[in-house]
Structure formats: structure tokens, C-alpha cells
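As the structure is a prediction and not an experimental result, all values here were calculated from the model. Chain A is the first sequence line, chain B the second, and so forth, proteins listed ahead of strands; every chain is numbered from 1.
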Amino acid sequence: MAASLSTALDVHLSIPKSDTKRPIFLTKPTQRSHPIKINISCNSKSSENVAAESPNPETKTLSLSEQLKPLSSTTLSPTKNDRTPLLSKPKSTWVNPTKPRRSVLSLQRQKRSTYSYNPRVRDLKLFARKLNDCDNTEEAFLRAITEIPHQPTRENALLILNSLKFWQKSYFFFNWIKSQNLFPMETIFYNVTMKSLRFGRQFQLIEQLANEMVSNEIELDNITYSTIITCAKRCNLFDEAIEWFERMYKTGLMPDEVTYSAILDVYAKSGKVEEVLSLYERGVASGWKPDPIAFSVLGKMFGESGDYDGIRYVLQEMKSLGVQPNLVVYNTLLEAMGKAGKPGLARSLFDEMVESGLTPDEKTLTALIKIYGKARWAKDALELWERMRENKWPMDFILYNTLLNMCADIGLVEEAERLFEDMKLSDGGNVDKAIELFEEMSKLGVAVNVMGCTCLIQCLGKARRIDDLVRVFGVSIDRGVKPDDRLCGCLLSVVSLCVTSEDVDKVITCLQQANPKLVAFLKLIEDNCTGFENIKEEFRNVIKDTEVDARRPFCNCLIDICRNRNLNERAHELLYLGTLYGLYPGLHNKTLDEWSLDVRSLSVGAAQTALEEWMWTLAKIVRREEVLPQLFLAETGTGTHKFSQGLATAFASHVNKLAAPFRQSEGKAGCFVATREDLVSWVQARRSSITA
DNA sequence: CTAGGGTTAG
């Protein structure tokens, strides 16, 4: 059995580079579930495989497992105690190969020191912010540092160092602290500084600091090493990462599982699959119970090479070691299943994940949609999409793009358009993403329809991005979008939102192309000289040519535009005309006990106008001393309906402005109430103030 | 809040 595995590895090593899809495990995965056997075979491959990999043995860097062999028999202590200093046990120990292999990692994670609460935390944080805000130059830093509010004691310095955002600042501060000579620089100062440097990918500086630690005899611990290693990894300096890992053993420090999985990832990312497996197996043989992070590293590695047997191995290992996969592990394995070309297994894995109680995130869904798209599994893709909506699973832009690509792949043009529409409705804040999606759709050749265009324009209008709006409108028209009344209503509502006259003109230019008659009417109502009869006639003309569903929005927007320009009288005329032509059914409701005004389908401006109108009418009735009900009600709704957002607030402030006696109903949200007595005395007070 | 490891498009 060992021989067959060895052969498998040989075959793997000698296969040409182009054949990357070929599985590493030519044997059955069940044979992989015995770590020791693999271990043996991996170690026994040495000389032949080195030759196969590199014709010149002198230039070949030994693999870690090969290097660990002499290390474990020379430098590593023979006792179970990891902490035994290296130098106290010189080379003399010879390990009997029949004895169990020595541990390669410490089973205990390095403990962190605990902090005590720093009472000056506020001041120090504030100061750190000042440092963050100054220029990234040493001069600026040295000027700012003079304002340090407290003595830079060890604790104060640590707190500041931890709060600095830019690696330059951390580095300046670290050097400054060092120059003050107030206390010895401990490992933690180096570790925190290195973490910040890693953020800036400053491997050279990190290495410099590490060497400084060595020469100053400051202990490098697991946190130091893992930071160095992951920084090298992020800079794609895999050899350097491995070098530091080996230096760690040489100094007698045993990696804990964090450092160990960091180095596993280094080997995985540099494509050294055998080394990863060897290290993994030796870790397990040392009694390590790998955690989900380690399995995610393995899963990613097998995914990269599309190695289905490897993926199965990971799943099986987790099962036999009793490790429950977390979301990241599932995401990684799903992705890997896709690369291995196993859509069906990806689907079952996803089901298993959901059944285990985990909620998929954007990455999960992206992986799966991509898989279904590539496999042209339209039914599964659409079903998943439906589930995403039903369960309100999270969406992000990458997922949207993947959905779009999937639609384009499978040829689901209508669905792509629906998606486009959805996105605008669901997220008014993501304007950039909407624009980007628009460009993306254009590139993909997915036709933009009038609904998608309307949604995008609505989105841009709300964000006051008028130039983008004009551009999108132009592009859409060029692509053959035929503007309909909804699109015109949308443009009209943007006109009502515009603050500057330049913006108004830009939108009007669009509207002119879409509906010149509407623009003509707009000019007419803006003109103070236009008489009511003329308005009435032209209003009728515009409305009769407008789709029924778009009529009320038109009227609402026109009223809003009038109110924004202090054309209040015109606004009242339009509300009257709207009511006359049946655009506001159910606005007024009367029973014996209560009269109500239902403004829920009105825009803010229209609702204000309706309230004023109502108040005038009521005042007339009071003056005529006609019969009034006991209760008056104004309904604005709670703003959950998409047309009535902010209506209650706007209404409340308008009620205040009029000093009308309406109060928010305590029992019914989105409802304002007034009693007959209150209303009557309010009307009388107003009358006396007018006559006075 | 305060030092270290893993996952999404083209």
C-alpha cells in the first residue's frame, strides 16, 4: 500500500504542468484516512522525487519535512517538554527511527498577556486620532508627538500604538518610544508594530525589526513568527516565509496551531501540495486536532488544483476528527467543488450546510450561482435565486455580477432585467453599484429595458446625481429604450427634487425628448399669468394621454414642483383638478362621528396642500355653524409604503406651522387626531387674529 | 478596544 502511494506521488511529480486538473490522489480516498501511512510514503520518496523535480540537486531547496528530520534528531529536545531550551541539549541525541515521531507543533496556543484598564484611555485615544490625522511624514509626526497628554509609560504607549492606523505612524511611534529609553522594549511592542507594518506590506521593515529583536535578545514568540510569516505570504515571498518558519524551529521554539496553519497556507499558496499534506499528517500524528481554519486552507488548496479526491479527503478528515465545518469551510469547499467540476456535489454540500443551521452569506451564494451558471443549470440557478429572495439572504455587488453573468451565460435575458430592476428598488444607497451594473450589463449585451432604466434613474435622482442621470437616460434612448409614462413620472419627480435651476434644466431636457407635451404643461403652470380655465383644459389634455397608473404620480409631482417654487395657489388648483378627474379617490371620508383625510397616496407637497384645503373648508363650516362630527382624523400612514416615506414627519411639521390642533394618535401610528372643540376654537382664534 | 492563521466576479 505504501508503495502504491509512493508511486502515486511519483506520477504526480512527473506529470507535465499543463495537466493540472489531474488528481493528486490516484489511489482511493479511503486509503488517505491513515495519516501514518501517508507520512511514511511522503518521507520515503526523498531522493527520487528530488531528482524528478529538479535535475540539479544542489540548487534544490529541501522540503520542510526533509529538513525537519535532521532538526528533530538534532536541535529539538527529545523530551515532551517544548520549552526545553535548545542549547542545553546538544546534537548528541540520536532518535531511534522505530520510536514514535516527535511532535512538530505545540498543542497549546500561546497565551496572551492580559491588560488592565487604562484610566487615561479617552485622552490617549484622542491623541492617537491626532497622530492619525497628521501628515504621513516624520516631521509632522515629531511635531504632533510633543502634544502627548500623559507620560509615555509602557501601558500608555501600548494603547497609542494599538490605535494608530497607518504603518508609517506606527513605525515612527515605535522608534520614538524606543528613543525615549523609558522602559525596555518588550516583544509585544514589536508584535503590534509588525502587525501594522504588515498592513502596509512592509516585509523589509518587519524583517529588520525581527533581526533587531534577535540582536537585542528580545524573545520572538509565536505571534512574532506568525506575523512575519503571513506578511511574507501576502508579499508573495514564500521562500522568506518558510525560512522564518525554519528559523523558529532552529531556535527551539515550537509553532502553535496558529503559526502552523499560517505556514500550511504558505505551502498551499506556493503549490507545494505534498509538503502541506506531510505537515498536516505530522501535525495530526503529534496529537493536533486541526480546526476549521486549517481545513479551509486544505480545501482551498485542493480547489486550486480542481482535485476532487482532495476535497473528499478534507470532508472525511473533518468527519473522522469530529470537526464541524463552519461557514468559511463550506464556502471554500463549495468553491472547490466548482473548480473540480462537481455541481451536483456542490448542491448537496450546500443543502447539508443549510440543514446544519448555517446561513449562507454572499460568498456562499456567489460560489453556488457561479457553479450553476457554468453548468448551465438554469432551473437550479433560478430556484436558488428565488430562495435568496424568500429568505432575504445577503446580497452584495459581486453576487449581483455573478447573477448577471449567470443570466448571460444561460441566456436568461428577462431575469437579468428583473435583477437590474430589483437592485435599484432594494438599495437606493448603492448608486455607484447601480451605475457599475448598468455598465456591466451594457458590456454583456444584456438589453436595458425601460423598467430597469426607470429604476436606475430614480436611484440617481434620489442621490442628486443629475449628470449621471442624463448620461444613463441618453445611453438608454440610444439603445432603443422607449420612454413610457412611468419613466416620465420618474423624471418629473426628479424635477421636483432638483435644487438648482441648472439641474432642473438638465432633467427637463430629458423629459422634453420623452414627453414634450408634459414639458409644455410645466411651462404653462409656472407662468403666473396663465388663467385657471387654460390650466384646466391643458391638464385634461395631458392626463387623458397618460396611462391610468401614472396619472396620480404626475399630479403629485406637479403639485410638489409648484410648492417648491412658492406657487401655492397653483398647487391648490392642481389638487382640485386631480380630485375632479378622479385621481384621489377616498381622500375625504365622512361618517356621523368622524371626518377623515386620507393622504396616504399623496406626495408630501400634495398632502400639505390637501391639509390646507381641508382646514379652509372646515373653517368655512365652523363659521357657517354647520353640524360637525366629534372627531377629525388625518391619515398619513407610517411610511412603510414606498410612496409615503417621510410623509408623517412632513405632515406633522406642517400641522405645527399652521398651529392646527392635530396630535399624533397614541393608539394608531401614522394618524393625527383633533376634537371638534379644539378645531372650533382654533378656527375662531385664527379669525380673530386675522380681523385684529 | 488593546499583538498572530482561512473564503467571493472579470
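A:N222 comes within 4.0 angstrom of a base, heavy atoms only. The residue A:I188 sits close to a base: some heavy atom pair falls under 4.0 Å. Heavy atoms of A:D361 sit nowhere under 4.0 angstrom from any nucleic acid atom. Among the atoms of the strands shown, only primed sugar atoms or phosphate atoms (P, OP1, OP2) are found under 4.0 Å from some heavy atom of A:K233. Here A:T364 lies out of heavy-atom contact (under 4.0 Å) with every strand. Residue contacts shown for A:E155 are absent, as no nucleic acid heavy atom lies under 4.0 Å away. Within the 4.0 angstrom heavy-atom criterion, no nucleotide atom of any strand lies near A:R122. A:R198 comes within contact range of the sugar-phosphate backbone alone, with a heavy-atom separation under 4.0 Å but no base atom that close. Nucleic acid contact class of A:V258 (heavy atoms, under 4.0 Å, all strands): base. Using a 4.0 Å heavy-atom cutoff across all strands shown, A:T259 reaches at least one base atom of the nucleic acid. Looking at heavy-atom distances under 4.0 Å, A:D256 makes contact with a base.
Between A:K269 and B:dT7, a side-chain N or O to OP1/OP2 separation shorter than 4.0 Å is present. A:R154 has no side-chain polar atom (N or O) that falls below the 4.0 Å cut-off from OP1 or OP2 of B:dT2.
Rounded to whole angstrom, the span from the CG atom of A:L384 across to the C1' atom of B:dT8 amounts to 14 Å. Taking atom CZ of A:R112 as the reference point, atom C1' of B:dC1 lies 12 Å away to the nearest angstrom. The CG-C1' distance, from A:D265 to B:dT7, rounds to 11 Å in whole Å. A straight line from CG of A:N326 to P of B:dG6 spans 13 Å, rounded to a whole angstrom. Separating the NZ atom of A:K195 from the C1' atom of B:dG4 is a distance of 8 Å, rounded to the nearest angstrom. Rounded to whole angstrom, the span from the CD1 atom of A:I371 across to the P atom of B:dA9 amounts to 11 Å. As rounded to whole Å, 13 Å separates atom C1' of B:dA9 from atom CE of A:M395. Atom C1' of nucleotide B:dT7 and atom CE of A:M301 are separated by 15 Å, given to the nearest angstrom.
For the residue pair A:E317/A:Y280, the side-chain donor-acceptor check at 3.5 Å is satisfied. Judged purely by distance below 3.5 Å, without hydrogens or angles, the side chains of A:S106 and A:D256 never pair a donor atom with an acceptor atom. Looking at A:Y267 and A:E274, their side chains never bring a donor and an acceptor atom within 3.5 Å of each other. If you check the side chains of A:D221 and A:T187, you find no donor sitting under 3.5 Å from an acceptor.
Of the candidates B:dG4, B:dG5, B:dC1, B:dG5 carries the atom nearest the A:E257 side chain, counting heavy atoms from C-beta on. Taking the side chain of A:V329 as heavy atoms from C-beta on, and the options B:dT7, B:dG6, B:dA3, the nearest nucleotide is B:dG6. Across B:dG6, B:dA3, B:dT8, the shortest atom-to-atom separation from the side chain of A:S113 is found for B:dA3. The listed nucleotides are B:dG5, B:dA9, B:dA3; the one nearest the side chain of A:T402 is B:dA9. With B:dG6, B:dA9, B:dG5 as the choices, the nucleotide that has an atom nearest any side-chain atom of A:D291 turns out to be B:dG5. When distances are taken from the side chain of A:R234 to each of B:dA3, B:dA9, B:dG6, the shortest belongs to B:dG6.
Dense packing is recorded around NZ of A:K178, with more than 12 heavy atoms of other residues, nucleotides or ligands lying under 6.0 Å away. Remark: A:K269 NZ is packed, more than 12 non-hydrogen atoms of other residues, nucleotides or ligands lying under 6.0 Å away.
One N or O donor and one acceptor, one from the side chain of A:S261 and one from the base of B:dG5, sit under 3.5 Å apart. Within 3.5 Å, no donor on the side chain of A:N331 pairs with an acceptor on the base of B:dG6, nor the reverse.
Classification of A:D123 and A:R120 as a salt-bridged pair fails, no side-chain N sitting under 4.0 Å from a carboxylate O.
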